[in-house]
Amino acid sequence: MDLKQLEYIVAIAETGNLSLAAEKMYITQSALSQQLAKLKQEGVPPLFREEKKKMVLTDAGKIYLNGARAILREEALAQKKLNSLNDEDKVVFDFSVAPYLQSVVYIDILPKLKKQFPKVSVRVHTNNTMNTREALENGSIDMAFIPDIYQQRDFFDYIHIFKDELVMISPGGNDQTTGTSTDSDMDFSEAVDKTEAYVRSTVFDKRPVTIPAENSYLRELPVTIPAEDSYLREILDRIFSEESNIPEIYTETNDFNIALSLVKNGECKAVIPRSLVKADGLRIESFKEPCYFYLTAIHKKTTSSPIIDAAVKELKRYFIA
């Protein structure tokens with residue numbers, strides 16, 4: 001039995017639905033079902049029964065849930081105490097970033113935070129989005145910057161910093177942009193509505209996304225794509241899932257500076273966030289259905305700190321100014 005399994009059971013109990021629990025824990029529903037099967041193999045009695053399409057706790061499940069919550073609380077408390085052993089007077093603030101944001105945060109954001117808050121030990125970690133919620137829940141981090149397309153309403157606060165778009169870039173162009181516009185003048189709430197509509201049609205319902213014939217990114221050059229276990233890769237996989245002509249993969253990386261260099265050298269095309277395309281001479285193509293997401297700051301509702309406000313402000317300044 002590990003802590004992750006305990007968290008899975010808590011998520012199922014709180015949502016009453018495998019699909020919602022899987023979404024909450026940033027794993028697939030099949031992976032969550034496998035965890036339940038594993039518990040059964042280990043001799044754990046049934047923890048849930050299905051009533052009117054809802055997962056309901058059995059008597060054994062209620063006992064198990066109470067124990068799981070107690071263990072998770074104790075683990076979070078122990079972790080906080082361990083973090084403070086070295087210097088009880090030193091305030092520590094931990095936040096994680098999606099892999100593609102590493103260079104921006106380490107080079108442009110972290111030095112400013114350390115200068116602004118000299119008495120705080122600001123520490124940066126790199127997590128894929130799948131692990132972020134777990135880290136926030138158990139208290140190992142205080143905040144995270146992630147790409148997000150879900151307008152969630154739970155015990156976390158979500159601060160949408162700006163809207164971005166996953167696009168295909170290729171060599172040979174003079175800042176050419178084709179396909180759907182980025183809607184730079186769109187009202188933010190309108191952009192949210194458009195993104196949610198896209199999510200419902202392409203992610204939740206998994207309806208086919210047709211890529212227009214005039215877009216050439218499924219032909220010729222191979223494509224560099226985000227690495228597995230990243231949220232941007234999950235979005236891309238869903239888009240390509242209905243395509244019969246999947247592009248040849250050149251390589252996988254979450255370091256988009258590498259991807260940009262490969263494209264500029266004419267080695268391949270690449271799928272990256274539009275906000276990171278700073279170089280001239282690249283062709284930019286949107287998907288037929290704009291692949292919008294939001295750079296989002298996420299933290300517990302009970303966590304408040306001027307560092308959160310400062311970090312959000314600096315990221316806005318970097319990407320929007």
Side-chain angles (χ1 to χ4, degrees), residues 1-15 21-28 31-32 35 65-106 109-110 113-114 117 119-148 150 152 154-159 161 227-232 234 254 295-312 314-315:
M1 177 62 61
D2 58 27
L3 293 177
K4 190 177 294 293
Q5 285 180 316
L6 298 179
E7 291 164 356
Y8 291 156
I9 298 304
V10 172
I12 297 172
E14 290 177 345
T15 62
E23 177 186 324
K24 181 177 181 179
M25 298 303 298
Y26 293 98
I27 63 173
T28 64
L32 191 56
Q35 290 296 323
L65 177 64
N66 290 335
R69 283 174 169 163
I71 292 171
L72 292 173
R73 283 195 298 268
E74 289 300 319
E75 195 278 338
L77 179 61
Q79 187 63 48
K80 283 186 175 294
K81 289 181 178 179
L82 287 174
N83 290 340
S84 62
L85 279 179
N86 292 334
D87 188 352
E88 293 185 356
D89 296 325
K90 188 77 170 180
V91 177
V92 177
F93 188 88
D94 292 280
F95 71 96
S96 74
V97 298
Y100 81 95
L101 294 170
Q102 284 183 88
S103 60
V104 172
V105 171
Y106 277 107
I109 309 300
L110 182 60
L113 294 179
K114 285 184 173 291
F117 302 96
K119 295 184 178 181
V120 178
S121 176
V122 182
R123 304 186 299 196
V124 180
H125 311 269
T126 302
N127 285 330
N128 61 45
T129 309
M130 318 303 176
N131 297 331
T132 298
R133 184 182 296 271
E134 174 187 347
L136 285 165
E137 285 183 343
N138 65 31
S140 58
I141 61 172
D142 301 291
M143 179 185 66
F145 290 116
I146 62 171
D148 179 47
Y150 301 109
Q152 305 201 46
D154 52 25
F155 55 89
F156 292 120
D157 271 339
Y158 296 82
I159 305 171
I161 298 173
E228 289 186 358
D229 298 326
S230 67
Y231 194 68
L232 295 180
E234 180 182 348
N254 288 319
L295 176 57
T296 302
I298 174 176
H299 62 88
K300 280 187 175 181
K301 293 183 183 294
T302 55
T303 301
S304 61
S305 169
I307 301 179
I308 294 177
D309 297 332
V312 169
E314 291 300 332
L315 270 179

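Just so it is clear, the structure is predicted and the values come from calculations on it, not from any experiment. Numbers for residues simply follow the sequence, beginning at 1. The figures that follow rest on heavy atoms only: side chains count, while hydrogens, waters and symmetry mates do not.
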Could you check if a side-chain atom of [X] sits within less than 4.5 angstrom of a side-chain atom of [Y], using non-hydrogen atoms only?
{"X": "His299", "Y": "Ile159", "value": "yes"}
{"X": "Pro147", "Y": "Tyr100", "value": "yes"}
{"X": "Val124", "Y": "Ile109", "value": "no"}
{"X": "Thr296", "Y": "Phe156", "value": "no"}
{"X": "Leu136", "Y": "Ile298", "value": "yes"}

Knowing that exactly one of Val97, Thr132, Leu295 qualifies, which makes a side-chain contact (heavy atoms from CB on, under 4.5 Å) with Ile146?
Thr132
Keeping the roles fixed (side chain from Ser140, backbone from Ala135), state whether a donor-acceptor pair exists under 3.5 Å.
yes
Counting N and O atoms only, with roles assigned by atom type, does the side chain of Asp94 sit under 3.5 Å from a partner on the main chain of Asp142, one being a donor and the other an acceptor?
no
Just jot down the side-chain contact (heavy atoms from CB on, under 4.5 Å) partners of [X], sequence neighbours excluded, or say none.
{"X": "Ala311", "answer": "Leu113, Met143, Phe145"}
{"X": "Ala21", "answer": "Ala11, Ile12, Thr15, Leu32"}
{"X": "Ala70", "answer": "Arg73"}

Residues in salt bridge (Lys or Arg N to Asp or Glu O under 4.0 Å) with Glu314, at least two apart?
Lys112, Arg317
Once salt bridge (Lys or Arg N to Asp or Glu O under 4.0 Å) is applied, do any residues pair with Lys114, and if so which ones, sequence neighbours excluded?
none
In Å and rounded to the nearest 0.5 Å, what is the [atom1] to [atom2] distance from [X] to [Y]?
{"X": "Ile141", "Y": "Lys300", "atom1": "CD1", "atom2": "NZ", "value": "10.0 Å"}
{"X": "Gln35", "Y": "Lys4", "atom1": "CD", "atom2": "NZ", "value": "8.5 Å"}
{"X": "Leu101", "Y": "Leu315", "atom1": "CG", "atom2": "CG", "value": "7.0 Å"}
{"X": "Gln102", "Y": "Ser96", "atom1": "CD", "atom2": "OG", "value": "11.0 Å"}
{"X": "Leu3", "Y": "Ile71", "atom1": "CG", "atom2": "CD1", "value": "8.0 Å"}

Geometric class of the Phe93/Phe95 ring pair [parallel <30°, tilted 30-60°, perpendicular >60°]
tilted
Give the minimum heavy-atom separation between Ala227 and Asn254, together with the two atoms involved.
N-OD1, 3.2 Å
Looking at every heavy atom in both Ala310 and Phe117, which two are closest together, and how far apart are they?
CB-CE1, 3.7 Å
Listed by chain and number, what are the ring-ring contact (aromatic ring centres under 6.0 Å, His included) partners of Tyr8, not counting sequence neighbours?
none
